[in-house]
Every structure is written in C-alpha cells, then in structure tokens.
Amino acid sequence: MHRVVALVSAPQASFELGCAAAVFREAPYRFGVCTAEPGPVRTTEGFDMVVTSGLRALERADTIVVPGWLPINREPSARVLRALTRAHRRGARLVSICSGAYALAATGLLDARRVATHWRYADELQRRFPAVHVDPDVLYIDHGDVATSGGSGTGIDLCLQLVRRDHGAAHAARVARRMVMPPHREGGQTQYRTEDQAPVESLGELLDWATHHLAEPLTLQDLAGQANVSPRTLARRFTDQLGMAPGQWLLAQRIARTRVLLEETDLPVETIAAKVGLSSATNLRRRFKTALQTTPSAYRRAYQGM
C-alpha cells in the first residue's frame, strides 16, 4: 500500500484537504492526516476536525500532501521543516495544493524549480522566495519528487496526475469516473481567473463531443462548426480557457486514450491508431514517443506487468 499523508494546520482549508482525500481514499493507497500538534484543528469553514496523528506519521509516508497553508505569511515551524526535508531525503514525494506551496518553498526544496500556486498568491510567493520560479497560470507542475498545483480545484487534477504516473491512465480514469471528473487535464492548461477575465462561453460541451469523436479526423473547422463559432474565435477561446491551441488539446486527448487502450487491451498499435484518430501506427509511435519519451510497446509492457 502506498501511504499518502496530508499535513494540515490551522486554519485548514477543508476543500483542499478533501481533494487529496477523495483521490487517495482507496487501494492501492492508504490515506491519513497528521498535524504538528495533534488535537482539534480549526478549518477556514468554521468547524474543527480532530487529528490524532503527529509529525511522526510523515516518517512512514510515501507521499506527503500539504493541502493549503494559511495565512500565507505564516512561517512553518522548525519541526515541520525538518520533518518535510527528512521525508524528501529518504525518497518521499512532496505535494502542495494551492497555498501549500508556501510551506514547501520554506524548506528550500523548490529553489530553482518551476512552481504552481493559486494565481492570487503567486506574486507574494515570488517576493518571499526569489529563488523559486513561480508560474501563476498553470494548473499544476509535476517534477517527480515534488509537485505543486494552482488554485483549490486544480489539486484534484494534480492528484489524478500522480495516480496516472503511479498506476497508469486507465486506473486514473476509473478514479476520475468515480469522482465524476474529467480524466485528464494537462498541467499546462491555464487557471481560470474570475477577476481579470470577462465571462466566456464554456467549452465543456464541445470538449465532451470531441472526446467521443476522437476516431474522426477532426479539424479546427470541424470543432468551430460544432461550436457554431468562427475558427479564430474558437482558437481564442481555447487559448483563454485551456492555455493551448485546439490541435494541442486534441493530440493530448488522443495520447491519453492511447495510454488507456495500451494498458487495458491487447489491440495492435495499428488498430489503436485508428480508434484514437492518429491515422497510422507510424504516426502514433512518433507522437507517443514525443509526448512520453517511450514507445507504445515499452509502455504496454510496463503497465500490463503491474
């Protein structure tokens, strides 16, 4: 069992904690919560939760999640910093959701790395930790040993990304279906900023339609026609809402679907290429290698042998 432990502190944002708990609540994970001083922990929503485990729980964790850190100008105690750095040194993965990046940055482990946090906190995080490279726009950044997410709900996207890396795209898709969530959003997609963007028509229905028509040779004109807008307008909406061009998004969905089919079926690569709209085995292999730095056959062996 992969032990995931959330390090909480008052005032704790219960939504961010719930993001991690919802994703990691079932096998092959074992989820727990700890705090520096066991006992009642006040939440930002006004209720207390009782946490019985102290920092020693981090000594046995495979993944440690800091689901927010408020107020953001609060310095982590020496005990907390020591526990996080020791855990990282022995190989534990450190993860932050939203403002939790402040606690990880205080350890020095984020120095010289790209880091995500809630866009509202990005300027202050950069000011306090100038050695950190803060990206205020992306949903999440996964470095392998350390991973950070943007604002609140992007914590779910990051946690699903970790499940995908641990156990494959098919398992992550099953977790996402249980949560009624999209199975995969690229980390490079843009955080939605309500204070500096005018209301725009959601791409949700179009994305659902395109996901169910991946086998077809979809073009920008096809997508624009389905959305009843001009190609230029649609391209702008993709950039504004997803931080990428329509073609980039389509390719990401085709690669994600390819991963699931490689993990769960014995279909030939030629058949998979046709099912995901990549036209030929040669094209699929090239695109797959570029995206994941491995071949379809090597990927299949790795995940079907798990």
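One-based numbering along the sequence shown. For clarity, every value in this text was computed on a predicted model and none was experimentally measured.
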The criterion is ring pair (Phe, Tyr, Trp, His ring centres under 6.0 Å); which residues satisfy it with H213, sequence neighbours excluded?
W209
Run the salt bridge (charged side-chain N to carboxylate O under 4.0 Å, His left out) test against E45 and tell me which residues pass, sequence neighbours left out.
none
Do the side chains of S96 and W69 get nearer than 4.5 Å, heavy atoms only?
no
Could you report the tightest heavy-atom contact between G151 and H118, atom names first, then the distance?
CA-CD2, 3.4 Å
Listed partners of H171 passing ring pair (Phe, Tyr, Trp, His ring centres under 6.0 Å), at least two apart
H167
Compute whether any side-chain donor of one residue and acceptor of the other, for R287 and T258, lie under 3.5 angstrom apart.
no
The criterion is salt bridge (charged side-chain N to carboxylate O under 4.0 Å, His left out); which residues satisfy it with R60, sequence neighbours excluded?
none
Please enumerate all residues that pass side-chain contact (heavy atoms from CB on, under 4.5 Å) together with T294, with sequence neighbours excluded.
F288, L292, A298, Y299
Kindly indicate, with the supporting measurements, whether the criterion side-chain contact (heavy atoms from CB on, under 4.5 Å) is fulfilled by R254 and L218.
CA-CA 11 Å; R254 286 171 166 145; L218 298 176; 4.2 Å; yes
Check: R3 main-chain N/O paired with D62 side-chain donor or acceptor under 3.5 Å:
yes
Only distances under 3.5 Å count here; give the side-chain donor-acceptor pairs of residues 31-41 to other protein atoms, sequence neighbours excluded, each with its distance to 0.1 Å.
unit_1 : atom_1 : unit_2 : atom_2 : d
T35    : OG1    : V8     : O      : 2.9
E37    : OE2    : R79    : NH1    : 3.2

Can a donor-acceptor pair be found, under 3.5 Å and without considering hydrogens, that links the side chain of R90 to the backbone of E59?
yes
With no hydrogens and no angle check, do the side chains of T43 and Q12 hold a donor and an acceptor under 3.5 Å apart?
no
In short, V175 meets V23 closest at the heavy-atom pair CG1-O, 4.0 Å
Would you say T282 and S280 are linked by a side-chain donor-acceptor pair, where the criterion is simply a distance under 3.5 Å?
no
Taking salt bridge (charged side-chain N to carboxylate O under 4.0 Å, His left out) as the definition, give me every residue that meets it alongside E26, ordered by chain and number, with sequence neighbours left out.
R178
Ring pair (Phe, Tyr, Trp, His ring centres under 6.0 Å): pairs with one or both residues in residues 84-111, sequence neighbours excluded
none
Y303 and L262, any side-chain heavy atoms less than 4.5 Å apart:
no
Apply side chain to side chain donor-acceptor pair (under 3.5 Å) to T107 and list each qualifying residue two or more places apart in sequence or on a separate chain.
none
Qualifying residues under ring pair (Phe, Tyr, Trp, His ring centres under 6.0 Å), relative to F24, sequence neighbours excluded:
Y29
Taking all non-hydrogen atoms of both residues into account, name the closest pair between A281 and A273 and its distance.
N-CB, 4.0 Å
Quick one: are T219 and D222 in side-chain contact, heavy atoms under 4.5 Å?
yes
Name all residues meeting the salt bridge (charged side-chain N to carboxylate O under 4.0 Å, His left out) criterion together with D145; count only those two or more places apart in sequence or in a different chain, and write none if there are none.
R113
Would you say the side chain of L278 lies within less than 4.5 Å of the side chain of I272, judging by non-hydrogen atoms?
no
Answer yes or no: is there a side-chain heavy-atom contact under 4.5 Å between S14 and M49?
no
Residues I97 and C19: closest non-hydrogen pair is CD1-CB, 4.3 Å
Find out whether L251 and Q248 are in side-chain contact, i.e. whether some heavy atom of one side chain is under 4.5 Å from a heavy atom of the other.
no
Taking distance alone, no hydrogens or angles, what donor-acceptor pairs closer than 3.5 Å link side-chain atoms of residues 122-132 to residues at least two apart or in another chain?
unit_1 : atom_1 : unit_2 : atom_2 : d
E124   : OE1    : R127   : NE     : 3.0
E124   : OE2    : R127   : NH2    : 2.6
Q126   : OE1    : V134   : N      : 3.1
Q126   : NE2    : V132   : O      : 2.6
R128   : NH1    : I72    : O      : 2.4
R128   : NH2    : E75    : OE2    : 2.5

Quick check: do R286 and N283 have side-chain heavy atoms less than 4.5 Å from each other?
yes
